[in-house]
Amino acid sequence: MKPHRSYTEEQLRYLKMLSRQYPTLREAGTEIVNLQAILNLPKGCEHFISDVHGEHEAFLHILNSCSGVVRERLDLLFKTSVPRAELDELATLIYYPEEKLEQLKPRIEDLEEWYRITLHRLIEVCRLVSERYSRSKVRKALPADYAYIIEELLYTHGEEVDKRDYFENIIATIIDIGQAPDFIAAVCDLIKWAAVDHLHLVGDIFDRGPRADIIMDSLLKYHSVDIQWGNHDILWMGAASGSRTMVATVLANSIHYNNLEVVETGYGISLRPLSVFANEVYKDCDVSRFAVKLTGEDAGTYSEKDKLLSARMHKAITVILFKLEGQKILRHPEYGMDDRLLLDKIDYENKCITIDGETYALEDTDFPTVDPADPYALTEEESAVIDRLTASFRRSEKLQKHVRFLYSKGSLYKIYNGNLLFHGCIPLTAEGQLMSFKLDGVERRGKDFLDRADAAARQAYYYKPGTPERKLGMDFLWFLWAGRNSPIFGRDRMTTFERRLIKNEKAWAEPKNAYYSLYEDPEVCNFILREFGLEGPHCHIVNGHVPVKARKGESPVKGGGKLIVIDGGFCKAYQPTSGIAGYTLIYNSHSYRIVAHQPFVGREKAIRDNYDISSSTTVFERMDDRQKVLETDMGREIRMRIDDLRLLLDAYRDGAVTEDHRSR
């Protein structure tokens, strides 16, 4: 006879809590069988995207197409039996079901027959992409209105003679009662859900492109996602937290790139306080160096009066920004950025400035609000303007909702299934050692620094407004955005001052951290991975931030295959440099694949003409054997759950915990 086990008080407390979920020996045993079965399913598909920079249409298309995974499944099923044009149409229908149906319905002669054929094909695709999941997991993802019907169709094969009529009758009834459009949309959404098990967004959702808020709305609805904060995300997080410096930076960037739609339309933030102030204070000033960038269709839609107002607003908020940045640097000598105090270095008489021992001519020294005797002090009017703007950021419900999501799903780095994910870099010295930073009065480096930096970033949002902890957190968010060798900025300096006021481009240089030259060495990559507790043939670093110059032949795969950079240029402003429109990464049970994307033609044209993003896929690492859930982080959690349930079984058998048959 097996001897009775002894249980600690803590174990018994936990087991009694677990018994509320599994109140009988039979139910606990059934769950063990279910979990054991899940361990032997294929590992789910992971989708990695980075640096989308507000390009919502391209991002949503990549998300809907799952970087080509959906089209790959269509080709697998129908390439030899369905004409190419029909496959293109079916792919577009899956990506944009409601819009594509509206476009198709008026020109289909026999709509009922089209519904029947389309539903058959969609169910077949859905069956293929969901086969890697347990029925229980699929059931939880089904839309409530159609859960029973979809489940019946998925697990009833029409080719089985005794089930054929049953299958066909279900489809016929859906069409007959006018539910086909809604049902098609529901199945398309399920296909997209099943095609990718988990999404990693490796930073920089915000800035440059028009509508980061639409991207955030889509992420809020996504079934499984994590986010590694990029420097542009940190910037908006700081603005939402109430950092005046970061509000000024957001607005200076948005005005400079003529990207105010996300501020005004997306988040409902009025810029009237700034426009009134700028028109009054800067009406007689030279603002030529602060002209807004107008490209493409934008160039011809603005009057000279509009352009002048934008330039005045840009100059006004940039001067406020320079002052607030200077205040932060003066407050935090530990940042080691005294050399970035530049307003006090301006030689107004000779219209020049000396930086790092070199003197440069200044194109503009007309700053009516700067007191040379106290250059970093805001005027009373400037303080009132930035306070009102900051209050608007704090009051924007939608922005606050999005930033709470960034905090709840995000972090500076993540370890997931053997991969280390971060946006920028792990700061290194020129000798390849971990760079040291003083934080909380302690020298920190590597994982220790990123862990404490992550906690400091949260202080800025979650501590009570006005407390020293919150103020320190907001200052540190600014350091993460623009600080010397910050892990998500990764450069020696941010030369906004030089770019706005100095014509000589030599002054614009922003030297990168040594990480970006050393990461070509596999040993350096392995050194970083070991710092985060990762070793093995299939462990990698995945990051973005610095566009890969594909046009010049640069590869996104570094360090002998140990590191993958997936910033290839979602942002239109970067595409002339990169030569493409973004890299994404797919990691499934068979392999790692890099997908290079060409520029997106736009949502309207994609729907109308069935245009997909032109992409090329490169498999750069294959698994020796098909990976199972057993080998993943989820598998480890499931095994721990199984161990707990086995302990509960023993406790039931020993009488240490009593079964409750009445609870069911």
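This chain uses plain numbering: 1 for the first residue, then up along the sequence. Just the heavy atoms: all of them, side chains too, but no hydrogens, waters or symmetry mates, feed the values below. Fair warning: this is a prediction, and the values are worked out from it, not measured in the lab.
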### Task
For the pair Glu554 and Val565, evaluate side chain to side chain contact (heavy atoms under 4.5 Å, CB included) and give the outcome as yes or no after the intermediate values.
CA-CA 11 Å; Glu554 183 182 356; Val565 180; over 6 Å; no
### Residue pair Val292 / Lys307, side-chain heavy-atom distance below 4.5 Å
no
### Message
Which heavy atom of Ala195 sits nearest to which heavy atom of Cys45, and what is that distance?
### Response
O-CB, 3.6 Å
### Message
Show, in sequence, the C-alpha distance, side-chain angles and deciding distance for His402 and Leu220, and conclude whether the side chain to side chain contact (heavy atoms under 4.5 Å, CB included) test is met.
### Response
CA-CA 8 Å; His402 287 172; Leu220 281 165; 3.6 Å; yes
### Task
Answer yes or no: is there a donor N or O on one side and an acceptor on the other, between the side chain of Lys562 and the main chain of Tyr519, under 3.5 Å?
no
### Message
Checking the side chain of Ser555 only, and the main-chain atoms of Val557 only, is there a donor and an acceptor separated by less than 3.5 Å?
### Response
yes
### Message
Distance check, rounded to the nearest 0.5 Å: Arg312 atom CZ versus Ile255 atom CD1?
### Response
13.5 Å
### Task
Answer yes or no for Arg208 and Tyr257: cation-pi contact, defined as NZ/CZ to six-membered ring centre under 6.0 Å and angle to ring axis within 45°.
yes
### Message
Using modelled atom types and a 3.5 Å cut-off, is there a donor and acceptor pairing between side-chain atoms of Ser254 and backbone atoms of Leu251?
### Response
no
### Query
When rounded to the nearest 0.5 angstrom, what is the spacing between CE in Met246 and CG in Leu235?
5.0 Å
### Main-chain N/O of Gly582 paired to His597 side chain as donor or acceptor, under 3.5 Å
no
### Task
Would you please say whether a donor-acceptor pair under 3.5 Å links the side chains of Gln400 and Tyr461?
yes
### Query
Quick check: are there more than 12 heavy atoms from other residues, nucleotides or ligands sitting under 6.0 Å from CZ of Arg608?
yes
### salt bridge (Lys or Arg N to Asp or Glu O under 4.0 Å) partners for Glu98, two or more places apart
none
### Task
Apply the side-chain hydrogen bond (donor to acceptor under 3.5 Å, both in side chains) test between His232 and each candidate in Asp51, Asn253, Thr249, Asp207; give the one that qualifies.
Asp207
### Query
So which heavy atom on Leu342 is nearest to which on Tyr376, and how close?
N-OH, 3.1 Å
### Query
How about Leu585 and Val595: do any of their side-chain heavy atoms sit closer than 4.5 Å?
no
### Message
Quick one: does any side-chain atom of Arg491 pair with a main-chain N or O of Glu510 as donor and acceptor, under 3.5 Å?
### Response
yes
### Summary
Heavy atoms of Ile205 and Leu219 approach each other most closely as CD1-CD1, 3.8 Å
### Query
If you count the non-hydrogen atoms of other residues, nucleotides and ligands that lie under 6.0 Å from CD in Glu604, is the total more than 12?
no
### Task
Quick one: pull up CG in Leu308 and OG in Ser288 and give me the separation to the nearest 0.5 Å.
11.0 Å
### Query
Hey, does the side chain of Ser396 reach the backbone of Tyr267 with a donor-acceptor pair shorter than 3.5 angstrom?
yes
### Task
Quick one: closest heavy-atom pair of Val385 and Pro273, and the distance?
CG2-O, 3.9 Å
### Task
Nearest 0.5 Å please: distance from the CD atom of Gln598 over to the OG atom of Ser616.
7.0 Å
### Side-chain touch Lys293/Asn258, heavy atoms, less than 4.5 angstrom
no
### Summary
Paired with Phe48, the ring pair (Phe, Tyr, Trp, His ring centres under 6.0 Å) test is passed by just one of His198, His200, His540, His423, namely His200
#### Entry: Glu382/Arg244 salt bridge by N-O under 4.0 Å criterion
no
### Test side-chain hydrogen bond (donor to acceptor under 3.5 Å, both in side chains) applied to Asp454 and Ser411, step by step
CA-CA 6 Å; Asp454 189 289; Ser411 54; 4.6 Å; no
### Query
Can you list the residues that meet the salt bridge (Lys or Arg N to Asp or Glu O under 4.0 Å) rule with Glu363, with sequence neighbours excluded?
none
### Query
Distance-only, no hydrogens or angles: does the Lys192 side chain make a donor-acceptor pair with backbone N or O of Ile94 under 3.5 Å?
yes
### Task
Give the ring-plane orientation class for His332 versus Tyr335, where under 30° counts as parallel, over 60° as perpendicular and anything between as tilted.
parallel
### Query
Yes or no on salt bridge (Lys or Arg N to Asp or Glu O under 4.0 Å) for Lys328 and Glu325, after CA distance, side-chain angles and deciding distance?
CA-CA 5 Å; Lys328 280 201 188 325; Glu325 285 185 329; over 6 Å; no
### Message
With a 3.5 Å distance limit and no angle check, can you tell me whether Asn231 reaches the backbone of Ala482 through a side-chain donor-acceptor pair?
### Response
no
### Message
Do Thr617 and Ile586 have side chains that approach each other closer than 4.5 Å (heavy atoms only, starting at C-beta)?
### Response
no
### Task
Using a 4.5 Å cut-off on heavy atoms from C-beta on, say whether the side chain of Lys401 contacts that of Met216.
no
### Summary
Residue pairs meeting salt bridge (charged side-chain N to carboxylate O under 4.0 Å, His left out), one or both in residues 209-228, sequence neighbours left out, come to Arg211-Asp213, Arg211-Glu261, Asp213-Lys398, Asp217-Lys398
### Message
Once rounded to the nearest 0.5 Å, what's the spacing between atom CD1 of Ile215 and atom CG of Leu63?
### Response
10.0 Å
### Message
Please tell me whether His61 and Tyr96 form a close aromatic pair, meaning their ring centres lie under 6.0 Å apart.
### Response
yes
### Query
Is a donor on one side and an acceptor on the other found under 3.5 Å between the side chain of Arg593 and the backbone of Phe620?
no
#### Entry: Passing option when Trp229 is tested against Tyr407, Tyr413, Phe422, Phe489 for ring pair (Phe, Tyr, Trp, His ring centres under 6.0 Å)
Tyr407
### Query
Any idea how Phe277 and Tyr282 line up, ring-wise: parallel (<30°), tilted (30 to 60°), or perpendicular (>60°)?
perpendicular
### Query
Counting heavy atoms not belonging to Tyr416, are there more than 12 under 6.0 Å from its OH?
yes
#### Entry: Heavy-atom check, side chain of Asn485 versus side chain of Phe437, under 4.5 Å
yes
### Message
Run Leu324 and Trp478 through side chain to side chain contact (heavy atoms under 4.5 Å, CB included) and show every step you take.
### Response
CA-CA 11 Å; Leu324 291 171; Trp478 176 82; over 6 Å; no
### Task
Indicate the ring-plane relationship of Trp236 and Phe393, choosing parallel, tilted or perpendicular according to the 30° and 60° boundaries.
tilted
### Message
With a 6.0 Å cut-off (strictly less than), is the heavy-atom count around NZ of Lys345, excluding the residue itself, greater than 12?
### Response
yes
### Task
Would you please test Ile528 and Tyr515 for side chain to side chain contact (heavy atoms under 4.5 Å, CB included) and show each step?
CA-CA 10 Å; Ile528 292 171; Tyr515 168 89; 3.7 Å; yes
### Summary
NZ (Lys558) and CG (Asn543) are apart, to the nearest 0.5 Å, by 10.0 Å
### Task
Keeping the roles fixed (side chain from Arg340, backbone from Arg484), state whether a donor-acceptor pair exists under 3.5 Å.
no
### Message
Using side-chain heavy atoms (C-beta onward) and a distance below 4.5 Å, is Asp364 in contact with Lys315?
### Response
yes
### Pairing of Asp612 and Arg71 as salt bridge, 4.0 angstrom limit
no
### Task
Could you pull out the closest heavy-atom pair between Leu412 and Leu450, with the gap in Å?
CD1-O, 3.7 Å
### Task
Could you pull out the closest heavy-atom pair between Lys100 and Gln103, with the gap in Å?
NZ-OE1, 2.5 Å
